[in-house]
Amino acid sequence: MNLRHEIRLELNNISKSFGHREILHDISLQILPGHVACLLGPSGCGKTTTLRIIAGVEKQDRGTIKIDGRVVSDAKTHTPPEKRSVGLLFQDFALFPHLTVEENIAFGLIGSKFNRRQRINDLLEKVKLVPLKKSYPHELSGGEQQRVALARALAPKPKILLMDEPFSNLDDRLRDQIRDDTLAILKDEKVSVLLITHEPAEAMRMAEEITLIKDGRVIQTGSPVEIYNNPKSRDSAAFFSDLNVVHGVVKGAEINTAFGQFATPHLVEGTDVEVLIRPQHMRIHFDRNGEGPRPTNKDGKAVRAQVIKSKYIGNSSLVEFLTESDDLVIKASVPAVFLPEAGTKMWISFRRDKSYLFPCAIQQRVQNPYKNDQSIQHEVWK
Ligand code: ATP
C-alpha cells in the first residue's frame, strides 16, 4: 500500500516572510481524505496566511505543498488557485448580493445544465434551503447565509475545503447547532477540510486532527484527545484552559512540592520545574471541612487552603483558593453549584495522572534541562 497517495493535502516546511518579518516557520501538516483538520492558534499567529498559501493566492518562500501526492507548489512549480481543486469559505460568507440563493450556489459550477441543476437541488436539500432558493442574501438570517456559502463552496466538489473562522459571525446560541449541521454535511460530501479558528472548543468539536500554532510555528499536532490530555509544552496546555502552576527544583532525580514529590529522572539536577494542573483536575475533599489530619490517597499530598472567592459560571463553579503553607493561588472547577464563603478552609489535591510537568520556560532558553540531550518532551513520573 502506498501511503503517500492516502494523504489528500500535505504541507512540508512552509515558510513565509513579509518584508523582514518571518510570519511562518517550517509549517508542516497533513490531511487525510474526508478528514476535518483544524489549524488552531491565537490571533496573528499566521493561520490565514497558511490558508492563502494552500489556496495559491499567496506564495510561500520555502517548502512544498502536495495534493494527492502531486506537487502543486514548490520552488519550481506554482499551480494557479483555480487548478488546485480547493474551495474557500470565509468568515463574512462573501455572498453575491445581487444573486439569489440558487444562483449563488450555481456560481462556479460547470458541466451540463442537467448536472448543474441536479447538484444545486442536491445541495439545497442538504443545507435545508429549498424554500428559500429564490431569496436574496439580505433576506436571510446569518445562519442561512452561512449555509448558502457552504453550499456554494461545496458545489464544484473540491477535494479540499478551506474554512477561515466560518462560525465567528454567528449568534452564540446558534453556533453549536450550526457547527454540528456543517460537520454532518462535510462528512456526507467526503471533502477534506482545513478549518482555521482561535477557539479551542471549536477545534475540539469539529476536528479529527488539530495543528496548534503559535508565532508561526507548529507547537503540537494530534487528535483533540491527544493534544488536550498530553500537551507537549506549557503553551499547548495553556491553550485549552487556565492552568494552576506548582514549582519545584530537581534534587536527586525528583522535585518536592507543596503537593508532594514527583520523580524527574530525565532532568538535570537544579532544573526549575513547573507542574501544571487544569482547574477541572483539582480535587476538593468536601467531606473534611479543612479539619482533621491531612487526607492521603494515591494522588499524593493534600494541601490545606482557604477559599478566596467562588462563582457559578453556567455548568460549573470556579473556586479560587490560597494554600496555607506557601500562599499559592489555586483554581478549582466543580461541575455543580458549589459556592463556599471566602475564608472557608478545605483540603485540596489534584489528579497526578492529569498533571503535566515541564522544565520552567525561562530556564529552557538558557540551557538544555534534559539529560542525554533529549529534546523537550513531556516528563513521565511514577
Ligand atoms: P487572525 O486570527 O487575527 O486572523 P491569523 O492567525 O490568521 O490572525 P495572519 O492573518 O496569517 O494571522 O497574519 C499573521 C501575521 O502576518 C500578522 O502579524 C499580519 O499582520 C501579518 N501579515 C499578514 N499578511 C500580511 C501582508 N500581506 N503584508 C504584511 N504583513 C502581513
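Just so it is clear, the structure is predicted and the values come from calculations on it, not from any experiment. As the structure lists them, so they are numbered: ligands from 1, and atoms in each ligand from 1.
- For atom 23 (C) of ligand 1, the protein comes within 4.0 Å by at least one heavy atom.
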Audit row: Q60, S73, side-chain hydrogen bond (donor to acceptor under 3.5 Å, both in side chains) steps and yes/no: CA-CA 8 Å; Q60 71 277 21; S73 185; 3.1 Å; yes
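- Taking every heavy atom of P42 and a limit of under 4.0 angstrom, the matching atoms of ligand 1 come to 6 (O).
- The protein heavy-atom contact nearest to atom 9 (P) of ligand 1 is T49 OG1, 3.6 Å.
- Here I23 has side-chain heavy atoms under 4.0 Å from ligand 1, and that is the only part of it that gets that close.
- A cation-pi contact, defined as under 6.0 Å to the ring centre and within 45° of the axis, links R278 to Y228.
- K134 places no side-chain N or O within 3.5 Å of a backbone atom of E102 that could act as its donor or acceptor partner.
- Counting protein heavy atoms only, atom 14 (C) of ligand 1 is closest to G44 O, 3.4 Å.
- Looking only at protein heavy atoms, the nearest one to atom 2 (O) of ligand 1 is K47 NZ, 3.0 Å.
- With hydrogens left out, the protein atom closest to atom 3 (O) of ligand 1 is S43 OG, 2.5 Å, a heavy atom.
- K76 and D74 are not joined by a salt bridge, as no carboxylate oxygen comes within less than 4.0 angstrom of a charged side-chain nitrogen.
- Under the 3.5 Å distance criterion, the side-chain polar atoms of K331 are left unmatched by any main-chain donor or acceptor of L318.
- Near T48, the atoms of ligand 1 lying under 4.0 angstrom from a non-hydrogen atom of the residue are 4 (O), 5 (P), 7 (O), 10 (O), 11 (O).
- Ion pairing between E189 and R119 holds under the 4.0 Å rule for side-chain N and carboxylate O.
- For R21, every heavy-atom contact with ligand 1 shorter than 4.0 Å involves the side chain, none the backbone.
- Contact annotation: G46 has at least one heavy atom less than 4.0 Å from an atom of ligand 1.
- In this structure, R205 forms no cation-pi arrangement with F167, as its terminal cationic atom is not both closer than 6.0 Å to the ring centre and no more than 45° off the ring axis.
- Given atom 25 (C) of ligand 1, the protein heavy atom at minimum distance is F18 CE1, 3.3 Å.
- The minimum heavy-atom distance linking E58 with H78 is given by the pair O-CE1, 4.1 Å.
- Proximity of G19 to ligand 1 is not established, as no heavy-atom distance is less than 4.0 Å.
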